[in-house]
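Below, each value reflects all heavy atoms present in this structure, side chains not excepted, and no hydrogens, waters or symmetry copies.
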Amino acid sequence: MSREGSDKRTYSPGTGYIPVRIHKEITGDLAATSPSVTVRGVGENDWAVPRNASEPLVLTGPLTVPRDLLASTQVYSGGDRWSTLSQAAGQEAAALALHGANLSARSDAEAYNFIGHSRGAMECIMAAWFLYAYGRKDVPVRIFAIDPVPGPGDWYGIITQLPPNVAEYVGITAWDHLDSGFNGLVPRPTAKMAGSFATTNLGKTWSTLADDCQLADPLEAIEPSPAQPTGYRLFASRGRHGTVAGNMTSDGKYDPINVSESAARVPELVYGLARAHLTAWGTEFLVGSEADSAALPLRQESNLDHALFDTMGGGTPRDSYLLGRPYVRRVSSISGLDPSDYYYLEDVVGNPPHQQPYPVTAARAGSGWVHWNFL
């Protein structure tokens with residue numbers, strides 16, 4: 001890791017920060033732009049040189065970008081973008097997604113594989129919409145999303161619905177991250193994934209592109225349950241928001257004094273899953289995986305050390321019923337501005353396997369129609 005203020009000792013040596021480690025294992029160089037490229041974080045300059053500047057964004061082409069999208073994004077191109085206010089508000093996300101979409105279109109690849117964490121995962125979905133709406137509709141996109149979190153504000157339809165060009169989607173949701181403003185995003189599968197013949201009627205502005213084509217909510221209970229979507233997989237994972245992306249501290253924060261081998265097993269699982277999917281999707285790596293352990297013993301050892309992850313999310317009250325369920329992660333697939341539009345994660349995943357002691361409350365009930373996997 002090269003980001004200002006980041007201490008690489010808080011990351012698992014076998015995974016690093018997973019999206020960046022994956023990029024380096026594909027290209028061999030952090031700054032490489034082919035066959036893989038990175039996009040900076042919201043409110044960050046990342047590893048730009050000089051460090052108080054960021055690279056100009058590619059916004060005007062090759063996609064045929066409408067004026068309203070250019071007007072909303074050009075202010076975020078270049079200059080010193082570091083800002084804690086921007087990190088919280090997330091308004092740069094559309095600009096970064098458009099940048100990524102244009103870089104993808106410029107590559108002339110016959111398929112695009114995206115991996116992202118947090119808002120970066122959300123931006124993967126937005127970038128797919130920009131590719132579909134303003135470029136070629138026939139190039140498939142495959143997305144590996146690690147705990148996508150839009151943050152507060154307007155959850156656009158282009159966040160909560162996958163576009164038709166997404167051929168496969170894998171989503172990881174962290175079970176033990178309970179901070180306010182970190183509701184997890186679970187986008188709706190495409191019509192093709194769900195076996196539907198619904199058509200896509202694009203909205204007139206970039207922010208409303210998908211408002212009229214929100215399909216079946218994967219978190220909703222539907223009876224009788226429809227057939228499971230194809231090319232669409234959801235995983236629940238122990239750990240906090242940073243844990244699933246490479247952090248190995250016992251509290252999911254960034255003080256290296258708290259590093260824990262037990263916590264490192266979760267990012268190693270996610271990293272292995274990401275490499276496996278990307279490889280299946282045609283990505284070629286220059287080096288082998290740096291995570292030594294096989295998935296099964298990692299899962300078994302994580303389950304044996306469940307008390308560590310229980311503590312990350314509040315400790316002993318986690319399986320008791322308290323008003324508002326403050327010790328339960330919240331997730332959503334609903335567009336709009338209403339902060340009460342969410343589900344409790346424990347209500348949509350079904351019963352965790354008895355061999356995997358995920359904490360649930362006495363209020364847990366039901367499940368969404370899409371089946372979840374437990375890491």
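Residues Leu278 and Phe285 form a side-chain contact, since some pair of their non-hydrogen atoms from C-beta on lies under 4.5 Å apart. Counting heavy atoms from C-beta outward, Val348 and Val331 have side chains that approach closer than 4.5 Å. Using a 4.5 Å cut-off on side-chain heavy atoms (C-beta onward), Trp372 and Pro218 make no contact. With contacts defined as side-chain heavy-atom distances shorter than 4.5 Å, the pair Trp129/Leu202 qualifies. For the pair Leu234 and Tyr232, the minimum side-chain heavy-atom distance is below 4.5 Å. When side chains are defined from C-beta on, Leu162 counts as touching Met193, because their heavy atoms get closer than 4.5 Å. Ile115 is not listed as a side-chain neighbour of Cys124, based on a closest heavy-atom distance of 4.5 Å or more. Inter-residue side-chain proximity for Val244 and Pro267 is flagged as unmet; no heavy-atom pair is nearer than 4.5 Å.
Glu25 places no side-chain N or O within 3.5 Å of a backbone atom of Val287 that could act as its donor or acceptor partner. Judged by distance alone, the side chain of Asp176 and the main-chain N or O of Gly239 form a donor-acceptor pair under 3.5 Å. Listed for the Asp217 side chain is no donor-acceptor partner under 3.5 Å among the backbone atoms of Ile334. Tyr358 places a side-chain N or O within donor-acceptor distance of the main-chain N or O of Ala236, the cut-off being under 3.5 Å. The backbone N or O of Ala95 sits nowhere less than 3.5 Å from a side-chain atom of His99 that would complete a donor-acceptor pair. Remark: the backbone N or O of Ala198 is paired with a side-chain donor or acceptor of Ser196 at under 3.5 angstrom. Counting only distance, with no hydrogens or angles, the side chain of Arg119 and the backbone of Pro150 share a donor-acceptor pair below 3.5 Å. Checked by atom type and distance alone, the side chain of Arg136 never pairs as donor or acceptor with a backbone atom of Glu110 at under 3.5 Å. Of the possible polar contacts, none joining the Gln356 side chain to the Pro352 backbone as a donor-acceptor pair under 3.5 Å is found. Between the side chain of Ser260 and the backbone N or O of Ala263, at least one donor-acceptor pair lies under 3.5 Å.
Checked against ring-ring contact (aromatic ring centres under 6.0 Å, His included), Tyr132 has no partners two or more places apart in sequence or in another chain. With sequence neighbours excluded, the residues that form a side chain to side chain donor-acceptor pair (under 3.5 Å) with Glu301 are Arg265. Annotation: ring-ring contact (aromatic ring centres under 6.0 Å, His included) contacts of Tyr342 (sequence neighbours excluded): Tyr344. Judged as a ring-ring contact (aromatic ring centres under 6.0 Å, His included), and not counting sequence neighbours, Phe309 has no contacts. Contacts of Asp255 classified as side chain to side chain donor-acceptor pair (under 3.5 Å), with partners at least two apart in sequence or in another chain: none. In terms of the ring-ring contact (aromatic ring centres under 6.0 Å, His included) criterion, residue partners of His117 (sequence neighbours excluded) are, by chain and number, Tyr17, His241.
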Would Asn45 and Asp80 satisfy side-chain hydrogen bond (donor to acceptor under 3.5 Å, both in side chains), going step by step from the backbone distance to the final call? CA-CA 7 Å; Asn45 294 326; Asp80 186 355; 2.8 Å; yes

List the steps, then state whether side chain to side chain contact (heavy atoms under 4.5 Å, CB included) holds for Ile146 with Ile18. CA-CA 9 Å; Ile146 305 173; Ile18 293 173; 4.0 Å; yes

Verdict with supporting geometry, Arg240 and Asp147, salt bridge (Lys or Arg N to Asp or Glu O under 4.0 Å): CA-CA 9 Å; Arg240 285 172 56 87; Asp147 209 35; over 6 Å; no

Going through the checks in order, is the side-chain hydrogen bond (donor to acceptor under 3.5 Å, both in side chains) test met by Thr361 and Glu346? CA-CA 8 Å; Thr361 72; Glu346 67 178 10; 2.6 Å; yes

Walk me through whether Asp251 and Lys253 qualify under salt bridge (Lys or Arg N to Asp or Glu O under 4.0 Å). CA-CA 5 Å; Asp251 57 3; Lys253 299 180 181 179; 5.3 Å; no

Run Asn52 and Trp82 through side chain to side chain contact (heavy atoms under 4.5 Å, CB included) and show every step you take. CA-CA 8 Å; Asn52 62 347; Trp82 192 89; over 6 Å; no

Residue pair Ser36, His23: steps toward the side-chain hydrogen bond (donor to acceptor under 3.5 Å, both in side chains) verdict: CA-CA 6 Å; Ser36 170; His23 165 69; 2.8 Å; yes

Begin from the C-alpha positions of Trp369 and Glu223 and carry the test side chain to side chain contact (heavy atoms under 4.5 Å, CB included) through to its verdict. CA-CA 8 Å; Trp369 68 274; Glu223 295 295 342; over 6 Å; no

From CA spacing to verdict: side chain to side chain contact (heavy atoms under 4.5 Å, CB included), Leu178, Val328: CA-CA 7 Å; Leu178 310 178; Val328 179; 5.6 Å; no

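A salt bridge between Arg238 and Asp305 is absent, with no side-chain N of the basic residue lying under 4.0 Å from a carboxylate O of the acidic one. Taking 4.0 Å as the cut-off between side-chain N and carboxylate O, Asp347 and Arg330 do not count as a salt-bridged pair. Salt bridge annotation for Asp29-Lys24: absent, with no cationic side-chain nitrogen under 4.0 angstrom from a carboxylate oxygen.
Both Ile159 and Leu131 belong to a common hydrophobic cluster when Ile, Leu, Val, Met, Phe, Trp and Tyr are linked at side-chain heavy-atom distances under 4.5 angstrom. The hydrophobic cluster containing Met122 does not contain Leu103, counting ILVMFWY residues as joined when their side-chain heavy atoms lie under 4.5 angstrom apart, directly or transitively. Val139 and Val58 end up in different hydrophobic clusters when Ile, Leu, Val, Met, Phe, Trp and Tyr side chains are linked at under 4.5 Å. A continuous path of Ile, Leu, Val, Met, Phe, Trp and Tyr side chains, each step under 4.5 Å between heavy atoms, connects Leu70 with Met126, placing both in one hydrophobic cluster.
In the model, Thr205 has a side-chain atom that pairs as donor or acceptor with a side-chain atom of Thr208 under 3.5 Å. Side chain to side chain, Ser86 and Gln91 fail the donor-acceptor criterion of an N or O pair below 3.5 Å.
Rounding to the nearest 0.5 Å places CG of Asn258 at 10.5 Å from OG1 of Thr10. Separation of atoms CD1 (Ile143) and CG (Asn113) is listed at 10.0 Å; rounding is to 0.5 Å. Taking CZ from Phe130 and CG from Leu69, the interatomic distance works out to 4.5 Å, rounded to the nearest 0.5 Å. Within the model, atoms OG of Ser333 and CH2 of Trp155 stand 8.5 Å from one another, a figure rounded to the nearest 0.5 Å. To the nearest 0.5 Å, atoms CD (Glu92) and CD (Gln87) are separated by 9.0 Å. If you take CD on Glu168 and CZ on Phe144, they are separated by 12.0 Å, rounding to the nearest 0.5 Å.
The cationic atom of Arg81 (NZ for Lys, CZ for Arg) does not lie both less than 6.0 Å from the six-membered ring centre of Tyr76 and within 45° of the ring axis. Cation-pi geometry between Arg142 and Phe114 is not satisfied (NZ or CZ under 6.0 Å from the ring centre, within 45° of the ring normal).
The ring of Tyr156 has its center closer than 6.0 angstrom to the ring center of Trp206.
Ring geometry for Phe374 versus Trp175: interplanar angle of 30 to 60°, hence tilted.
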